[in-house]
> 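Dropping the structure in here first, questions after.
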Amino acid sequence: MPKSTPTCNSIINLLYRATAWANVADNAASAPFTNVYVSLHTGNLTAATNTQTDNETAYTNYARQAVARSTGWDAASGGGTANSATISFPQCGVTGATLSDVATGTAVSGGGTVWHFGALNASLVVSSGITPQFAAGALTVTES
């Protein structure tokens, strides 16, 4: 059964903007997440994906990027959101990779629960000197 657009917006705003969903959910945990972590992957992710380490890239200098829940994402509209500023990953050093997917989740490194995932519009071959990035508004997350 699908969700209504207002419900999708509320879920997105709760996860990505730490905005309470009146009478349903809030951000009042003793230590709520302050960031959403964006990870890059070299293989497909699926609904069975457990953590951000699944097929995560390991190009030289790679690190997940933190995006603030307070200001890093646009207010939900139409059941989705997008990054409000450029997300830049570290420049590739000696060892590269071919990136095919992206995910958002809960940890700066290690496991990290995946919130949303998807394929890039086109694979990106990262080699020495290449800096992967998403321009503002280019990384869209939708709830369905």
Side-chain angles (χ1 to χ4, degrees), residues 1-93 96-126 129-144:
M1 180 180 321
K3 294 183 279 299
S4 68
T5 299
T7 297
C8 291
N9 288 341
S10 293
I11 292 168
I12 289 288
N13 281 331
L14 179 66
L15 292 174
Y16 290 88
R17 296 178 50 83
T19 303
W21 182 2
N23 303 314
V24 176
D26 61 36
N27 195 49
S30 61
F33 293 125
T34 56
N35 294 307
V36 173
Y37 294 93
V38 180
S39 54
L40 299 173
H41 302 265
T42 59
N44 294 336
L45 301 175
T46 68
T49 297
N50 293 320
T51 71
Q52 286 179 277
T53 58
D54 293 354
N55 296 323
E56 189 170 19
T57 189
Y59 73 76
T60 306
N61 300 326
Y62 167 78
R64 292 180 195 159
Q65 295 304 293
V67 179
R69 287 180 72 206
S70 57
T71 59
W73 303 91
D74 296 335
S77 176
T81 188
N83 56 310
S84 59
T86 300
I87 301 170
S88 290
F89 289 83
Q91 185 178 72
C92 182
T98 300
L99 308 175
S100 61
D101 289 73
V102 61
T104 61
T106 61
V108 67
S109 64
T113 301
V114 172
W115 282 353
H116 290 91
F117 62 90
L120 299 173
N121 290 337
S123 293
L124 175 64
V125 177
V126 178
I130 301 293
T131 303
Q133 66 180 12
F134 294 98
L139 181 57
T140 57
V141 176
T142 57
E143 182 68 27
S144 54

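Quick note: numbers below take in every heavy atom, side chains included, and nothing from hydrogens, waters or symmetry partners.
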> What ring pair (Phe, Tyr, Trp, His ring centres under 6.0 Å) pairs are there with at least one residue in residues 17-51, not counting sequence neighbours?
none
> With sequence neighbours excluded, tell me which residues meet side chain to side chain contact (heavy atoms under 4.5 Å, CB included) with Thr60.
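For Thr60, the residues satisfying side chain to side chain contact (heavy atoms under 4.5 Å, CB included) (neighbours in sequence not counted) are Val94, Thr95.
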> Could you tell me the separation between the CH2 atom of Trp73 and the OG1 atom of Thr19, rounded to the nearest 0.5 Å?
14.0 Å
> Which side-chain hydrogen bond (donor to acceptor under 3.5 Å, both in side chains) pairs, counting each pair once, include a residue from residues 130-144, with sequence neighbours left out?
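Qualifying pairs: Lys3-Glu143, Ser88-Gln133, His116-Glu143.
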> Got a sec, which residues hit side chain to side chain contact (heavy atoms under 4.5 Å, CB included) with Thr5, two or more places apart in sequence or on another chain?
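Checked Thr5 against side chain to side chain contact (heavy atoms under 4.5 Å, CB included); matches are Asn9.
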> Does any pair with a residue in residues 58-69 pass salt bridge (Lys or Arg N to Asp or Glu O under 4.0 Å), and if so which ones, sequence neighbours excluded?
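Of all non-adjacent pairs touching residues 58-69, those that pass salt bridge (Lys or Arg N to Asp or Glu O under 4.0 Å) are Glu56-Arg64.
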> Can you name the side chain to side chain donor-acceptor pair (under 3.5 Å) partners of Thr42, sequence neighbours left out?
none
> Taking only residues two or more places apart in sequence, or in another chain, which ones meet Val114 in a side chain to side chain contact (heavy atoms under 4.5 Å, CB included)?
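With sequence neighbours excluded, Val114 shows a side chain to side chain contact (heavy atoms under 4.5 Å, CB included) to Thr49, Gln52, Ala103, Phe117, given in chain and number order.
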> For residues 78-85, which side-chain N or O atoms pair as donor and acceptor with protein atoms under 3.5 Å away, sequence neighbours left out?
{"from": "Thr81", "atom 1": "OG1", "to": "Asp74", "atom 2": "N", "distance (Å)": "3.3"}
{"from": "Thr81", "atom 1": "OG1", "to": "Asp74", "atom 2": "O", "distance (Å)": "2.4"}
{"from": "Asn83", "atom 1": "OD1", "to": "Gly137", "atom 2": "N", "distance (Å)": "3.3"}
{"from": "Asn83", "atom 1": "OD1", "to": "Ala138", "atom 2": "N", "distance (Å)": "3.2"}
{"from": "Asn83", "atom 1": "OD1", "to": "Leu139", "atom 2": "N", "distance (Å)": "2.8"}
{"from": "Asn83", "atom 1": "ND2", "to": "Ala85", "atom 2": "O", "distance (Å)": "2.8"}
{"from": "Asn83", "atom 1": "ND2", "to": "Ala135", "atom 2": "O", "distance (Å)": "3.0"}
{"from": "Ser84", "atom 1": "OG", "to": "Thr71", "atom 2": "O", "distance (Å)": "2.7"}
{"from": "Ser84", "atom 1": "OG", "to": "Gly72", "atom 2": "O", "distance (Å)": "3.1"}

> What is the distance from atom SG of Cys92 to atom CG of Leu99, rounded to the nearest 0.5 Å?
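Between atom SG of Cys92 and atom CG of Leu99 there are 9.0 Å.
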> Looking only at non-hydrogen atoms, find the nearest pair between Pro132 and Val126 and report the distance.
CG-CG2, 3.9 Å
> Can you find a pair of side-chain heavy atoms, one from Phe134 and one from Leu40, that are under 4.5 Å apart?
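Contact flag for Phe134/Leu40 side chains = yes.
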> Taking only residues at least two apart or on different chains, which pairs with a member in residues 24-51 satisfy salt bridge (Lys or Arg N to Asp or Glu O under 4.0 Å)?
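Those involving residues 24-51 do not exist here.
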> Which residues pass the salt bridge (charged side-chain N to carboxylate O under 4.0 Å, His left out) test with Arg17, sequence neighbours left out?
none
> Under the ring-ring contact (aromatic ring centres under 6.0 Å, His included) test, which residues partner Tyr62, sequence neighbours left out?
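With sequence neighbours excluded, Tyr62 shows a ring-ring contact (aromatic ring centres under 6.0 Å, His included) to Tyr59, given in chain and number order.
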> Mind listing the closest non-hydrogen atom pair of Thr57 and Ala97 along with its distance?
OG1-CB, 3.4 Å
> Does anything in residues 98-114 pair up under side-chain hydrogen bond (donor to acceptor under 3.5 Å, both in side chains), and if so which pairs, sequence neighbours excluded?
Tyr16-Thr104
> Looking only at heavy atoms, what is the nearest atom pair of Asn35 and Ala66, with distance?
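So the minimum-distance heavy-atom pair works out to CG-CB, 3.8 Å.
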> To check you understand the geometry: which heavy-atom pair defines the closest contact between Ala76 and Asn13, and what is its length?
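Scanning both residues completely, I find the closest heavy atoms to be N-OD1, 2.9 Å.
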